[in-house]
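Below: one structure, written as structure tokens.
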2 protein chains.
Amino acid sequence: MRAATLKDVAVLAGVSVKTVSNVVNGYAFVKPENRRKVEEALIATGYRPNIGARNLRRGKTGFIALVLPELSIPYFGELAGLVITAAQAHGWNVLIEQTQGTRDRERTALTSMGPHMIDGAILSPQALSAEDFADLAPGVPLVMVGEHAVDVPIDHVAIDNVLAARTAVGHLAAIGRRRIASIGRNPHRGTAALRLEGYRAALAEAGLAEDEELSVPALEYHRRDGAQAMSRLLDLPERPDAVFCFNDLLAIGALRAAADRGVRVPEDLAIVGFDNTEESAYSIPSLTTIAPDKKAIAETAVSLIHGRSTDAAENATPFDLQDIQTPFALEIRESTIGRTRAPA
Amino acid sequence: MRAATLKDVAVLAGVSVKTVSNVVNGYAFVKPENRRKVEEALIATGYRPNIGARNLRRGKTGFIALVLPELSIPYFGELAGLVITAAQAHGWNVLIEQTQGTRDRERTALTSMGPHMIDGAILSPQALSAEDFADLAPGVPLVMVGEHAVDVPIDHVAIDNVLAARTAVGHLAAIGRRRIASIGRNPHRGTAALRLEGYRAALAEAGLAEDEELSVPALEYHRRDGAQAMSRLLDLPERPDAVFCFNDLLAIGALRAAADRGVRVPEDLAIVGFDNTEESAYSIPSLTTIAPDKKAIAETAVSLIHGRSTDAAENATPFDLQDIQTPFALEIRESTIGRTRAPA
DNA sequence: CGACGTTGTAGCAACGTTGTAAATAGCAGA
DNA sequence: TCTGCTATTTACAACGTTGCTACAACGTCG
């Protein structure tokens, strides 16, 4: 049961291969009668274009890569789903590459995918540094999402991490918390530095002194790390009355650790997360969190690649380096202000 | 900055295109000196084979499809990650198709991917019925995961859903619950019927009468649906003292609804989920759940496609229809037996 | 009535790769 | 030196598609 080709259709319709191709591609000048015959033959044979061959001819691959740490991380699962949907609108399929957040695998992801494999790539790098990009540029448009590695001439889409963190911590100060901790410090993560900066800015704005030991680092950003970090904070002689976690998973872990110690949230301890993963709306208590517009991130990233890739094809002047900030909101829930009403 | 082709390498090395191809493909009879020259040229040019062209020539695509409802659903995010990893071991890239669980999009996913696009597909159909497969067979090996639609001649990988459900509900009976509800009944989902069957079997085994109104249907299997269904159960004059949810998301929603009503879990109400998503280990209380071996599912599914696809290539007799059951375990946590110790 | 534009069709080549088969080189034995 | 191998290399075609170009048919207009 071989797949039908243009040739099969042409024979059946009694025209040339090229005419069938013209019909398939919507070329205007085809005699109505022939068009009809071809269309019938197309249906009769169940013809589907061979994407590989078409792309070989056109010099496009029809694929973009999405390089991320792990699909099982809710934020990336959600993002990947949105990227796939956005890519489909441009006729692209998405190849997902999981790196576990390691520099090594991020490097190989970049090198192994040449221009004949993908038309572009969306990266969510955790560990990749500026110099890595120099030798690794794979000859296709790249877009970074969610991380700000300065000095890299690559398009970038993200929310304003500093402002978002400042907003989150500002909220904690606004509800009267004076001893606000943070979980997620990490010298190897670009976003961590930005969120820490926002945290500090908010403390300063609120006239609160920064206490070094209240900023607990996290190597990974999983639930387990959040729980461990929270435990450390609860072991302090002077406990914090609020904690800003650099992502929702850390916050979920923190919630868990608080519950294990009998610490009430938000009465004894307010918690804010970051990412607004679906899980955060249903945790107990539900989690106040920074809600980035993930759909906007996905669509913007795909559009940028699309723009660059058609620019290149048409020899147009490439547009300037983009650094696009997408909207975000602070989603206020029980973990900071307590129970108000049952969710719908 | 065009990508290097075999021709470029050949010119640089001073040999024919075919010789370069032979070196690349590990053909034995190449003069050592030429091999060396070619290898140098390969490095110098940074040659990467054009996968599209190679597959066009070989009649393979190098891709398998993974058809699932939505990546943002934790279970599918986790599964997808494992499938990608398993596929890589066989040299495959994975194309993910999201269907939202609708019959329509599941149908188009099957038809739009012909044999020139993919070498096989792994399906997690929600709504597809037996007759759909008849006309849709895309000419490539298919494997279904997680759903049992009988009478369809397609390989199948899943845990024993009936036994798993029976185990879960048996556990509830074993801890002394007498009025055990279920959430997730749904006539359009294959797994729902099996889990309901296991639920009933366990009730019978425990000598408990089945109460129709304790089996609440769920259209979707999201957290919201679980919360709604739980609300209905808590509105009953005679409340259940336990509930078996057909997946973890429903259970998370149920937990939430219970908390909103001030119902204590597990004291007043024990809850069991299904899937062992990472989230379930950190919910408050943590969730007792059926833990399928997802890695085994992913690897088995990929292996089956690999087996069929090489069989077909070598004209070997295809092996018999496979219906493989992968292991599962009951993961007992706080939502049924209460707090024992803090998690590590 | 011939030149010309418009509409419709088809042949050829090429995208980068590899299987087939044919060509060449090297070398031992006659 | 010539034959007959084997070892090595190469030309060619083909996978399915589309851009380019040539060409045919038809009508219009000066």
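Worth knowing before you read on, the calculation uses all heavy atoms, side chains too, and leaves out hydrogens, waters and symmetry mates. Bear in mind that the values here come from a model prediction, so they are computed numbers and not experimental data.
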Return the nearest nucleotide to the side chain of [X]; candidates are [options].
X	options	value
B:R54	D:dT17, C:dT18, C:dA10	C:dT18
A:N22	C:dT17, C:dT9, D:dT18	C:dT9
A:L6	D:dT17, C:dT18, C:dC15	D:dT17
B:F29	D:dT8, C:dG19, D:dT17	D:dT8
A:N25	D:dT18, D:dT10, C:dT17	D:dT18
B:A53	D:dT18, C:dG16, C:dG8	C:dG16
B:S21	C:dT18, C:dT9, C:dA10	C:dT18
A:Y27	D:dT10, C:dT18, C:dT9	C:dT9

Between [atom2] on [N] and [atom1] on [X], what's the gap in Å once rounded to a whole number?
X	N	atom1	atom2	result
B:R58	C:dT20	CZ	C1'	16 Å
A:K31	C:dA10	NZ	C1'	13 Å
A:N50	C:dT17	CG	P	17 Å
A:R57	D:dA14	CZ	P	18 Å

Short side-chain N/O contact to C:dA10 OP1/OP2 from A:S16, under 4.0 Å: yes

Evaluate the criterion side chain to side chain contact (heavy atoms under 4.5 Å, CB included) for residue pair A:T99 and A:L68; output intermediate values, then yes/no. CA-CA 6 Å; A:T99 65; A:L68 43 75; over 6 Å; no

Is it the case that the ring center of B:Y75 lies less than 6.0 angstrom away from the ring center of B:Y221? no

Which part of the nucleic acid, if any, lies within reach of A:T5 when heavy atoms closer than 4.0 Å are counted: base, sugar-phosphate only, or nothing? sugar-phosphate

Could a donor-acceptor pair under 3.5 angstrom be found where the side chain of A:K18 meets the base of D:dG19? yes

